[in-house]
Amino acid sequence: MKDKSILELRSLIDEGKITSEEVFNESIKMANDSQGTVNAFVTIIDKYSKEESDSLLSGIPYALKDNFSTKGILTTGSSNILKDYIPVFDSTVYKKLKEAGAVLMGKTVLDELAMGGSGLTGHTGIVRNPLDNTRITGGSSAGSAAAVAMGTVPFAIGSDTGDSVRKPASYCGVVGFKPTYGRISRWGMFPFASSLDHVGVLTRNVMDAAIVTDVIKGKDEKDMTTLEDESFKYSENLESSLEGKKLFYIKEILESAALGEAKEVASNFYDVIHKLKEKGCIVEEISFRKDLLEVIYPTYFIISCAESTSNNSNLTGFIFGPRGKGDTPEEVMINTRSEGFAEMIKRRFIIGSYILERENQEKLFLNAKRVRNMIVTEMNKLFEKYDGLVLPAAGGVAPKINPSEEVDRLGDEYLLLENHLAIGNFGGYPSITLPSGFIGNMPIAVNLTCKVKDDLNCLQIAYQIEKTLGGER
């Protein structure tokens, strides 16, 4: 079972070589055995339950990020303020997977309320990289990435607001796909920043990402942002060719990779480009306004803090979670939020509240939205000429764990190579990360981002890149 893809497991089950329940039990055992070292799960579900279906996912175990509502199953958002919360409804993603016969085996740890990129801030503790327990997994979909990387499950569901599926995929050596904004319903997923939030999938290969996306994509009356479903399956249309495809990369971002691991990442990236060109793919270097690149992270930070403050205003202690002490409603709410949130979350909410104050909205929030629009406008012009943007997914391998280190501060420098993935969220573009090599014994990856609603083309190109790099698993 370990390291098997969805199609490999499907074949074994259909041929009677193993039962779905045996696969599930092995998955549970691996999850329990790794909890002491990796800590990928908030909840491990040891009761086998499967609905009948002829889907490719029927009988296949999977993990679900613990910010998706699951009726009757603990759903914490990895926050103490929701540590005992059990929803009374199912998220659309969970409902679709259940109807497809997929078997939920666990809810995975995330950075608290999905606000973070380290995997260090979940209320149940640090998620450690299964390839090297001294390193982070990245976040916020930390547990989902770790579960796939360990081989505990062939796929896991995550959410991506800035890079929260694609960066952990890079650090853990798996595939992370974020489809077009609205391609997958977010109903029942705890909102972080609604204009940036995407559902994403983590898998062992591109084909599996397409298979899972086929099941969970589509229009949802409960989510007004969802798109009408196409009349075809991505997984049945992946075969294509790199011949004549046109990709671009951004000169200014690669130029920032001048030292240490970043230089090795850039070298690997140029090797990848060379191989793609040998397959007939056209890859061109373009120049992008550096002043816009340098404000990607501040723009993301302002918008996400403001939207998260609004979205989480219901976490007061009166409706969800433990209630703080106090003689008045105000005292109860203040004590609940002071005790229930970690320092990083409280800081973001304070910043978000400041941004949303009437006298600050024009200068901060509305200006950030204007800058976001400027970046998206420039990108859309490029997508008129090119099939996609290709870049390294991160500036190095997964960093070493340092719990005392501030993980939510703006540095003195704008790290272009680390922050560019947020462009995919600014424009709602389909974006996929896939392994491209190693530095030492740790994986690195490339990322492909394509124009809105061009999900199939994005997956087709990624599928061919994967084959070209010999990474199909």
Tell me whether Lys275 is salt-bridged to Glu278, with the criterion being a basic N under 4.0 Å from an acidic carboxylate O.
no
If we count only N and O atoms by modelled type, under 3.5 Å, do the side chains of Thr433 and Ser170 hold a donor and an acceptor together?
no
In short, Thr225 meets Arg186 closest at the heavy-atom pair OG1-NH2, 3.1 Å
Flag for Ser91-Ser69: side-chain donor and acceptor within less than 3.5 Å:
no
Between Lys222 and Asp220, does at least one N-O distance fall below 4.0 Å, as a salt bridge requires?
no
In terms of side-chain geometry, is the basic nitrogen of Asp132 or Arg135 positioned less than 4.0 Å from the acidic oxygen of its partner?
yes
Under-4.0 Å salt bridge between Lys167 and Glu418:
yes
Parallel, tilted or perpendicular: which fits the ring planes of Tyr429 and Phe383, with parallel below 30° and perpendicular above 60°?
perpendicular
Any carboxylate oxygen within less than 4.0 angstrom of a Lys/Arg side-chain nitrogen, looking at Glu99 and Lys96?
no
Has His420 got a side-chain atom pairing as donor or acceptor with Pro392's backbone, closer than 3.5 angstrom?
yes
Test your reading of the model: is there a side-chain donor-acceptor pair from Arg204 to the backbone of Val148, 3.5 Å cut-off?
yes
Distance-only, no hydrogens or angles: does the Asn425 side chain make a donor-acceptor pair with backbone N or O of Leu196 under 3.5 Å?
yes
Whether over 12 other heavy atoms sit under 6.0 Å from Tyr270 OH:
yes
Kindly confirm or rule out a cation-pi arrangement of Lys246 over Tyr386, judged by NZ or CZ under 6.0 Å from the six-membered ring centre and within 45° of its axis?
yes
Main-chain N/O of Gly158 paired to Ser141 side chain as donor or acceptor, under 3.5 Å
no
Does the side chain of Ser78 come under 3.5 Å of the side chain of Asp111 through a donor N or O and an acceptor N or O?
no
Aromatic ring centroids of Trp187 and Phe68 under 6.0 Å?
no
Please answer whether the main-chain N or O of Ser235 pairs with a side-chain N or O of Asp214 as donor and acceptor at a distance below 3.5 Å.
yes
Pair Glu362 + Arg370: basic N to acidic O under 4.0 Å:
yes
Can you confirm whether Lys400 is buried at NZ, in the sense that more than 12 heavy atoms of other residues, nucleotides or ligands lie under 6.0 Å from that atom?
yes
Which pairs with one or both residues in residues 197-217 pass ring pair (Phe, Tyr, Trp, His ring centres under 6.0 Å), sequence neighbours excluded?
Tyr181-His198
Under 6.0 Å between the ring centres of Tyr249 and Phe269?
yes
Asp197 side chain vs Thr161 backbone, donor-acceptor pair below 3.5 Å
no
Under-4.0 Å salt bridge between Lys217 and Asp229:
yes
